Amino acid sequence: MTDAKVRVRFAPSPTGPLHIGGVRTALYNYLFAKKHGGDFLLRIEDTDQTRFVPGAEEYVIEALKWCGITPDEGPGFGGEYGPYRQSDRKGSYREYAEQLIKDGKAYYAFDTSEELTEMRDRLKLAKVASPQYNTITRETMRNSLTMSSDDVENQIAEGMPYVIRFKMPRKEEVRVHDIIRGWVLVNTDTLDDKVLFKSDGMPTYHLANIVDDHKMKITHVIRGEEWLPSAPLHVLLYEAFGWEAPKFAHLPLLLKPDGNGKLSKRDGDKLGFPVFPLEWKDPSSGEISSGYREQGYFKGAFINMLAFLGWNPGTTQELFSMDELIQAFTLERVGKAGAKFDPDKTKWFNQQYLRSKTDAELAEAIKPISEEMGYQKSDEFLAGVCTLMKERASFIPEIVTGGIYLFEKPETYDEKTVSKKWKEDTPDRMRSLMGDFEKIENFDSSEIEVVFKAFLERESLGMGAVLPNLRLLVTGEGMGPSLFEIMALLGKEESLDRMKTGIDKLS
RNA sequence: GGCCCGUUCGUCUAGUGGUUAGGACCUCAGGUUUUCAUCCUGGUAACAGGAGUUCGAUUCUCCUACGGGCUACCA
């Protein structure tokens, strides 16, 4: 298998929207696969029927597509190892579980959930360190190890519900090699007899992932650190089946920006940044969680930021396209420690991407936003807006909101500037300046500037005495981009009109 | 509680048995700019603690502390 084509999988369960930690796991899988010319597959792990959330699978697929993490195989993507939804493979798991029973490596268990809690309570009372269904306690429970084979057959024939449990061996050292962490040693005495096959006829994650990874010829399992504790079980399962295990890499977790703990759904809206790639509306509560796409993030910036949360190229380069990430990515350079999500850095990445776009590209991006706000402007005008605003925006919508005065006349005038700069004689000066502007035939920024400077010269005035007031009249603001360029963009008629209106309002 | 994983500036991180411990974000100070933003220059800021190995440990080992994960017929 070491020489086989690299095949990795991203295996989410459709229990809700994919959050950015999941996206990062998918991304690392994808980068690794592409780096080695391999396949990236999407497999839906929906063996828990009770946790199914409508729309979640569609969400995952749409999110991956938006990110540019396109599966080579998966539901809706084709592939020779399908189906790629575990519920559609339901029929294929039982035989494997029974094979294990035949080999003496698993057994039937008939205990009810009440009996299980009773057992755990009893052990807890007896101060057992870790109450679990294991090599000791299974002797006292109702299973095919303690019952006669006739009893077992009768129970099954009568339709008594049962599960199939893995018969954890006693006192064995299990060695799991992890590409990121090295060797992890665990004694089987600390492990329990995990359920492999549930009474509802579905396998648990543990069985399903081993069987499917084997059948789908997965070579590397790259998943979150939360799976590390069950990795020894998985290694044991591969041994029990006599299959070669894939290589493992357990990724560090994404942590909350403040305080501690795993990043969760709640953190995002609380701290004002999305935790999801796409907006998600909870089908039962109707609650909406914001998404990076809807917030105006560039997918490239989003991916770039995510890639750097737990990985780095070892150089000082920080801006990477997807292709560059593929080239540079190695699992060995993935860190061991969890990374706190940093909204500020995310913003910085987005700003870098925004500034690398052409005005025409940005114009296209702000068009729907401005139209939604009720402005119908030409592409040329929008590109002009972008020229002026891109240096002071981190996000696409800010180009419009930050330069709203480019779209409509000012309603109010910045009070601070008014009280500081607007004097008794200002209206007359502004009227005089208007007169000069009226004479300009070619109303472009350099011409406006020439006329403006000539005006200052003639009136013996400084920039500071006149320009802020002019800006106030034209934009209503005390600060902003080059005023001459703003006026040129607005045009002569509009600029003069704003001056006139403003003078009247402020006088 | 038990098992497992982890710990370098506030954050993301680089790094080596001997370095002025480097970069980026944030922040602060200056410069540029009519203003704001951008941009430029500079500054503050870290090896969790304790033992041990060693001529010498941030780096290797152990212990402690702290953080995290897992501990379901969930994934």
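Since the model is a prediction, treat every value here as computed from it, not as a measurement. Proteins get letters first, then strands, A, B, ... in listed order; numbering begins at 1 in each.
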Assuming nearest nucleotide by heavy-atom distance, tell me which of A:P203 and A:I180 is located more 5' along RNA chain B.
A:I180

With both distances under 3.5 Å as the test, what is the Watson-Crick or G-U wobble partner of B:C62?
B:G50

Tell whether A:R181 reaches the base of B:C5 with its side chain through a donor-acceptor pair below 3.5 angstrom.
no

Can you tell me how far C1' in B:A45 sits from the matching atom in B:C62, rounded to whole Å?
31 Å

Closest contact, heavy atoms only, A:A488 versus A:I448
N-CD1, 3.8 Å

Would you mind classifying the nucleic acid contact of A:G310 as base, sugar-phosphate or nothing, using non-hydrogen atoms under 4.0 angstrom?
sugar-phosphate

Sugar-phosphate, base or nothing in reach of A:L483, heavy atoms under 4.0 Å:
base

Does any part of the side chain of A:V400, heavy atoms only, come nearer than 4.5 Å to the side chain of A:V385, both counted from C-beta?
no

Beyond-backbone contact of A:L18 with A:F276, side-chain heavy atoms, under 4.5 angstrom
no

Starting from P on B:U13, measure out to CG on A:L309 and report it in whole angstrom.
6 Å

For A:S199, answer base if it contacts any base atom (sugar-phosphate contacts may also be present), sugar-phosphate if it contacts only those atoms, and nothing otherwise; contact means non-hydrogen atoms under 4.0 Å.
base

Quantified in whole Å, what is the P atom distance between nucleotide B:G23 and nucleotide B:G49?
23 Å

Below 4.0 Å: OP1/OP2 of B:C39 and any side-chain N or O of A:R355:
yes

B:U33 - base-pair partner by Watson-Crick or wobble geometry, distances under 3.5 Å:
none

Students often get this wrong, so: under 4.0 angstrom with heavy atoms, is A:S482 touching a base, only sugar-phosphate, or nothing?
base

Between B:C4, B:U35, B:A37, which one does the side chain of A:E391 approach most closely?
B:A37

Spacing of the C1' atoms in B:G18 and B:G56 (rounded, Å)
7 Å

Is A:Y205 touching bases, backbone alone, or none of the nucleic acid, heavy atoms closer than 4.0 Å?
base

Nearest whole Å is fine: how far is B:U13 P from A:K340 NZ?
11 Å

So which nucleotide does B:G67 pair with, by the Watson-Crick or G-U wobble rule with both distances under 3.5 Å?
B:C5

Are any non-hydrogen side-chain atoms of A:L237 and A:F166 less than 4.5 angstrom apart?
yes

For RNA chain B, which residues in residues 161-170 of chain A have a heavy atom at a distance below 4.0 Å?
A:V163, A:R165

Taking any heavy-atom pair under 4.0 Å as a contact, classify A:N134: base, sugar-phosphate, or nothing.
nothing

Separation of the P atoms in B:G50 and B:G30, to the nearest angstrom:
39 Å

Do the side-chain N or O atoms of A:K198 get closer than 4.0 angstrom to the phosphate oxygens (OP1, OP2) of B:A75?
yes

Is it the case that atom NZ in A:K420 sees more than 12 heavy atoms from other parts of the structure closer than 6.0 Å?
no

Nucleotide forming a Watson-Crick or wobble pair with B:U27, both distances under 3.5 Å
B:G43

Quick one: A:R175 CZ to B:C3 P, roughly how many Å, whole number?
20 Å

Pick the C1' atom in B:U41 and in B:U33, then give their distance to the nearest Å.
16 Å

A:Y59: what forms a side chain to side chain donor-acceptor pair (under 3.5 Å) with it, not counting sequence neighbours?
none

Please examine the side chains of A:R138 and A:K167, heavy atoms only from C-beta on, and report whether any two atoms are closer than 4.5 Å.
yes

Heavy atoms under 4.0 Å, any strand shown: does A:G464 hit a base, just sugar-phosphate, or nothing?
nothing

Of the candidates B:C70, B:C25, B:G1, the side chain of A:E226 sits closest to B:C70

Take atom CD of A:E485 and atom P of B:U35, then tell me their distance rounded to the nearest Å.
15 Å

Distance test, side-chain N/O of A:T190 to OP1/OP2 of B:C4, below 4.0 Å:
no

Which label fits A:Y28 and A:F329: parallel for a plane angle under 30°, tilted from 30 to 60°, or perpendicular past 60°?
tilted

Expressed as a whole number of angstroms, how long is the span from A:Q49:CD to B:C74:C1'?
13 Å

Are A:E172 and A:P232 close enough that some pair of their side-chain heavy atoms sits under 4.5 Å apart?
no

Say you pick atom C1' in B:U27 and the same atom in B:U19; how far apart are they, in whole Å?
26 Å

Nearest to the side chain of A:L253, which nucleotide is it out of B:G68, B:C3, B:G2?
B:G68

Should B:C55 form a Watson-Crick or G-U wobble pair with both distances under 3.5 Å, which nucleotide is its partner?
B:G18

Integer-rounded Å distance: B:U27 P and A:K345 NZ:
13 Å

In whole angstrom, give me the gap between the P atoms of B:U13 and B:A48.
15 Å

Counting only Watson-Crick pairs (N1-N3 plus N6-O4 or O6-N4) and G-U wobbles (N1-O2, O6-N3), all under 3.5 Å, who is the partner of B:C74?
none

Hey, is the side chain of A:R333 poking within less than 4.0 Å of OP1 or OP2 on B:G15, counting only N and O atoms?
yes

For A:F395, which residues count as a ring pair (Phe, Tyr, Trp, His ring centres under 6.0 Å) partner, sequence neighbours excluded?
A:Y297

Nearest whole Å is fine: how far is B:A14 C1' from A:Q317 CD?
15 Å

Expressed in whole Å, how much space separates the C1' atoms belonging to B:C26 and B:G10?
8 Å

Quick one: on RNA chain B, does A:F341 or A:A393 contact a more 5' nucleotide (nearest heavy atom)?
A:F341

Between B:G2 atom P and A:N187 atom CG, what is the distance in whole Å?
16 Å

From B:A75, B:G69, B:C73, nucleotide with atom closest to A:P229 side chain
B:G69

Give one of base, sugar-phosphate or nothing for A:R120, where a contact means two heavy atoms less than 4.0 Å apart.
sugar-phosphate

Which of B:A75, B:C4, B:U34 is nearest the side chain of A:V184? It is B:C4

Compare all side-chain heavy atoms of A:F110 with those of A:V163 and state whether any distance is below 4.5 angstrom.
no

Check whether any side-chain N or O of A:N312 sits under 4.0 Å from OP1 or OP2 of B:A14, and answer yes or no.
yes

Minimum-distance nucleotide to A:D344 side chain [options: B:C26, B:U35, B:C74]:
B:C26

Residue pair A:L233 / A:L191, side-chain heavy-atom distance below 4.5 Å:
no

Candidate nucleotides B:U13, B:A75, B:U34, ranked by approach to the side chain of A:A339 - the nearest
B:U13

